[in-house]
Trainee: 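Dropping a structure here in structure tokens format, bear with me for questions.
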Protein chains: 2
Amino acid sequence: MTVKARHGIPAMKVGSADCRSCPVRKLGLMGPLATSSTEAIQACVDVLHFRAHARIYSEDTAGSHLYSVRSGIVKLEQDTPSGRTRILRLAMPGDTLGLELMTGFRYKHTAQALRATEVCRIPAVLVRELRESSAALRESLQIHMQRTVDAAEFQIAQFCTGNAQSRIARLLLHLAPEDRTDGRRWIMREDMAALLGVTLETVSRTISDMKRQGMLEECGHAFKFRRGDLERIAGS
Amino acid sequence: MTVKARHGIPAMKVGSADCRSCPVRKLGLMGPLATSSTEAIQACVDVLHFRAHARIYSEDTAGSHLYSVRSGIVKLEQDTPSGRTRILRLAMPGDTLGLELMTGFRYKHTAQALRATEVCRIPAVLVRELRESSAALRESLQIHMQRTVDAAEFQIAQFCTGNAQSRIARLLLHLAPEDRTDGRRWIMREDMAALLGVTLETVSRTISDMKRQGMLEECGHAFKFRRGDLERIAGS
DNA sequence: CGCCAGGTTGAATGATGTCAAGAGGAGTGG
DNA sequence: CCACTCCTCTTGACATCATTCAACCTGGCG
């Protein structure tokens with residue numbers, strides 16, 4: 001079992017894919033496929049449910065499935081030369097994991113759910129086959145590759161630049177469409193730290209400071225703030 | 001003209017592409033195309049020569065060409081929220097610039113030659129057309145997209161992690177196939193700093209330290225070192 | 001109730017940023 | 001050929017920020 005002992009059962013199969021009810025069908029990799037072919041696809045695509053901290057796949061292992069995120073957040077991490085693990089980027093609903101299998105055979109990251117997460121598990125061979133016959137899928141693949149590039153570059157520009165306060169502000173803005181983060185998109189301090197390239201303590205301290213300055217509140221697992229406040233800090 | 005005044009003529013057309021003599025043909029985007037179609041392609045592909053610091057294209061402008069690097073190094077940078085400019089990654093011979101035009105119409109970075117650089121300028125419409133007819137090109141596109149992702153993630157894992165000395169050691173190792181950097185791949189301190197996410201002064205100080213410790217020499221525009229020394233520092 | 005994972009805080013230390021001054025080299029024009 | 005300027009790199013002194021190591025708090029859960 002490739003999961004840290006402390007985190008129990010890694011995955012639970014919920015059932016076969018039901019694309020019609022998919023919350024992110026339009027965004028997902030297979031979204032553009034015609035409804036006629038959808039039926040055949042559903043047969044070999046499973047929906048899996050992962051608990052927080054469960055591992056979806058491991059760096060440098062042979063892989064045979066892509067994953068499409070339906071809900072939740074997934075972190076993609078690598079072991080750095082220095083022994084720590086570094087989060088390279090986050091995958092949100094609609095994003096595709098494991099696209100590197102289109103040009104290789106091993107996963108390049110460890111993928112781990114940040115919180116309860118649902119994914120569609122898609123056989124790589126299926127995608128390779130459909131790629132030959134469907135121009136729509138080819139376009140979708142290209143779009144999703146580009147989205148991967150964008151996410152990685154976003155990480156560099158937003159989360160590897162500026163001081164800790166700026167980075168945290170940018171992360172909160174990124175996670176929150178409005179003036180509060182969704183409680184279901186909770187990220188704990190340790191993961192924030194690995195994502196922003198600072199220590200856990202610095203994250204904790206900085207968030208505490210921001211609370212004391214009155215620009216941030218934390219209710220349960222949700223942050224509340226005025227976007228303007230954080231945007232001012234983010235750009236400095 | 002989109003080039004800083006101080007850096008004179010931005011580009012010089014060397015001539016039409018001569019793929020047979022291309023130093024990186026196997027690696028390049030168009031490499032896998034059959035020789036028969038190569039002739040037709042060469043007609044609309046130009047080879048351009050850029051001087052050090054010349055701008056190849058600018059962030060957020062409409063684009064109609066991809067570029068394939070033949071020799072030299074190109075930096076891809078973006079303006080950060082904080083006003084500085086941050087280098088997102090380097091493009092080396094064989095790499096392709098402007099792949100974002102396959103799914104959009106604007107360049108997402110500013111591309112600037114780090115030193116004297118030769119590129120092939122390929123019309124985006126040509127690539128879009130060939131993509132329909134040639135499975136080989138489609139595969140090449142996918143490989144080059146993946147290579148872009150790899151480069152961005154390399155940047156995060158290697159150049160945004162650890163202290164200044166580790167980052168510099170990793171950069172030198174990355175630039176040097178052997179135990180010395182190629183004088184023709186010179187990168188000045190300012191660019192190193194923007195690439196590693198530290199200040200110019202920190203780069204200068206750290207390199208001076210490493211020289212004093214005897215693990216680094218600088219002859220003209222080349223660094224000399226023993227890989228073992230730097231590898232020990234890089235992994236810490 | 002007691003344990004433990006997650007979070008907070010303090011004090012000391014180390015690393016990096018900032019501002020400022022100056023050295024050396026390459027190119028230019030007189 | 002020299003004096004000049006500009007660019008790049010170096011170095012110092014100091015302020016600021018982040019890390020480290022440690023202690024402690026808290027709420028959930030067996």
Side-chain angles (χ1 to χ4, degrees), chain A residues 3-8 51-54 80 82-84 86 112 114-115 159-169 171 183 186-213 216-223 233 236, chain B residues 3-9 51-54 80 82-84 86 114-116 159-169 172 181 183 186-213 216-223 233 236:
Chain A
V3 170
K4 289 181 191 171
R6 75 182 202 217
H7 290 127
R51 301 174 54 171
H53 306 112
T80 68
S82 47
R84 294 191 178 174
R86 172 82 205 227
Q112 199 171 357
L114 274 186
R115 30 158 296 94
F159 299 151
C160 297
T161 316
N163 61 25
Q165 205 182 27
S166 303
R167 298 185 194 194
I168 288 174
L171 175 58
W186 175 249
I187 299 186
M188 67 183 212
R189 305 288 190 267
E190 185 181 351
D191 287 324
M192 286 192 188
L195 186 66
L196 302 178
V198 296
T199 58
L200 185 163
E201 293 94 328
T202 299
V203 171
S204 178
R205 259 187 264 272
T206 307
I207 289 180
S208 295
D209 278 353
M210 292 167 80
K211 285 181 191 167
R212 278 189 282 268
Q213 289 169 36
L216 197 59
E217 280 179 78
E218 198 171 9
C219 316
H221 277 180
F223 287 103
I233 291 171
S236 73
Chain B
V3 171
K4 289 181 191 173
R6 72 181 204 224
H7 291 126
I9 297 166
R51 301 174 54 174
H53 305 112
T80 66
S82 47
R84 294 189 177 173
R86 172 83 205 227
L114 273 187
R115 31 158 296 92
F159 299 152
C160 297
T161 315
N163 62 22
Q165 206 182 26
S166 304
R167 299 184 194 194
I168 287 174
L172 293 176
T181 59
W186 174 249
I187 299 186
M188 65 185 213
R189 306 287 190 268
E190 185 182 351
D191 287 324
M192 287 192 187
L195 186 67
L196 303 178
V198 296
T199 59
L200 185 163
E201 292 94 329
T202 298
V203 171
S204 178
R205 257 187 265 271
T206 308
I207 288 180
S208 295
D209 278 352
M210 292 167 80
K211 285 182 192 168
R212 277 190 282 269
Q213 290 169 35
L216 197 59
E217 278 179 80
E218 198 173 7
C219 316
H221 277 179
F223 287 103
I233 291 172
S236 72

Trainee: From the set C:dG7, C:dT18, C:dT16, return the single nucleotide nearest to any side-chain atom of B:Arg84.
Mentor: C:dT18
Trainee: Let me confirm one number: the CD-CH2 distance from B:Glu218 to B:Trp186, rounded to the nearest 0.5 Å.
Mentor: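 Atom-to-atom, B:Glu218:CD and B:Trp186:CH2 are 4.0 Å apart.
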Trainee: Does the side chain of B:Arg84 come within less than 4.5 Å of A:Thr161's, by heavy atoms?
Mentor: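 The answer is no, as the side chains (C-beta and beyond) never meet within the 4.5 Å cut-off.
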Trainee: Reckon B:Leu200 touches a base, only the sugar-phosphate, or nothing at all at heavy-atom distances under 4.0 Å?
Mentor: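 Here B:Leu200 touches the bases of the nucleic acid.
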Trainee: Report yes if at least one side-chain N or O of A:Thr199 is closer than 4.0 Å to OP1 or OP2 of D:dT19; otherwise report no.
Mentor: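 For A:Thr199, the contact criterion (side-chain N or O under 4.0 Å from OP1 or OP2 of D:dT19) is met.
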Trainee: Output the rounded distance in Å from CE (B:Met210) to P (D:dT10).
Mentor: 13 Å
Trainee: Rounded to the nearest Å, what distance is computed from the CE atom of residue A:Met192 to the C1' atom of nucleotide C:dG7?
Mentor: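 Between C1' of C:dG7 and CE of A:Met192: 12 Å.
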Trainee: CD of B:Glu190 to NE2 of B:His53: how many Å apart, nearest 0.5 Å?
Mentor: 7.5 Å
Trainee: From C:dT9, D:dC9, C:dT8, pick the nucleotide closest to the side chain of A:Arg189?
Mentor: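 Looking only at heavy atoms from C-beta outward on A:Arg189, the closest nucleotide is C:dT8.
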Trainee: From A:Leu195 CG over to A:Ile187 CD1, what is the distance, rounded to the nearest 0.5 angstrom?
Mentor: 6.5 Å
Trainee: Considering every strand and a 4.0 Å limit on heavy-atom distances, what is the contact class for B:Arg167: base, sugar-phosphate, or nothing?
Mentor: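 Nothing: the residue B:Arg167, judged by heavy atoms under 4.0 Å, touches no strand.
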Trainee: Between A:Asn163 and B:Ile207, which residue's closest nucleotide on DNA chain D lies nearer the 5′ terminus?
Mentor: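 Closer to the 5' end of DNA chain D: B:Ile207.
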Trainee: Quick one: pull up CD1 in B:Ile207 and CD in B:Gln165 and give me the separation to the nearest 0.5 Å.
Mentor: 10.5 Å
Trainee: If we only count heavy atoms from C-beta on, is the A:Leu196 to A:Thr202 side-chain gap below 4.5 Å?
Mentor: no
Trainee: Just call it for B:Ser208: base, sugar-phosphate, or nothing, with non-hydrogen atoms closer than 4.0 Å on any strand.
Mentor: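 Sugar-phosphate: the residue B:Ser208, judged by heavy atoms under 4.0 Å, touches backbone atoms but no base.
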Trainee: Report the distance from atom CG of B:Leu196 to atom P of C:dG17, rounded to the nearest whole Å.
Mentor: 11 Å
Trainee: Once you round it to whole Å, what is the distance between C1' of D:dT16 and CG of A:Asp209?
Mentor: 14 Å
Trainee: Measure the distance from CD1 on B:Ile187 to C1' on D:dC9 and round it to the nearest whole Å.
Mentor: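 Atom-to-atom, B:Ile187 to D:dC9, this comes out as 16 Å.
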Trainee: Nearest of D:dT8, C:dT16, D:dT10 to any side-chain atom of B:His53?
Mentor: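 Closest nucleotide to the B:His53 side chain: D:dT8.
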Trainee: Please report the interatomic distance CD1(B:Ile168) to CZ(B:Arg205), rounded to the nearest 0.5 Å.
Mentor: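 These two atoms lie 11.5 Å from each other.
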Trainee: If you restrict it to nitrogen or oxygen atoms, what contacts under 3.5 Å exist between nucleotides 12-14 of chain D and the protein, and what is each distance?
Mentor:
from	atom 1	to	atom 2	distance (Å)
D:dG12	N7	B:Arg205	NH1	2.9
D:dG12	O6	B:Arg205	NH2	3.2
D:dA13	N6	B:Arg205	NH2	3.4

Trainee: Send over the distance from A:His221 NE2 to D:dT26 P, rounded to a whole Å.
Mentor: 17 Å
Trainee: Is the shortest side-chain N/O distance from B:Ser204 to OP1 or OP2 of D:dT10 below 4.0 Å?
Mentor: yes
Trainee: From the list C:dG17, D:dT19, D:dT10, which nucleotide is the closest neighbour of the side chain of B:Val198?
Mentor: C:dG17
Trainee: Using a distance-only test with no angle check, is there a side-chain donor-acceptor pair under 3.5 angstrom linking A:Thr206 and A:Asp209?
Mentor: no
Trainee: What is the distance, rounded to the nearest whole Å, between atom CD1 of A:Ile233 and atom P of D:dC17?
Mentor: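 So the CD1-P distance, A:Ile233 to D:dC17, works out to 13 Å.
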Trainee: Among C:dT18, D:dT19, D:dC9, find the nucleotide with the atom closest to the side chain of B:Met188.
Mentor: D:dC9
Trainee: Mind calculating the distance between CD (B:Glu190) and C1' (D:dC7) to the nearest angstrom?
Mentor: 10 Å
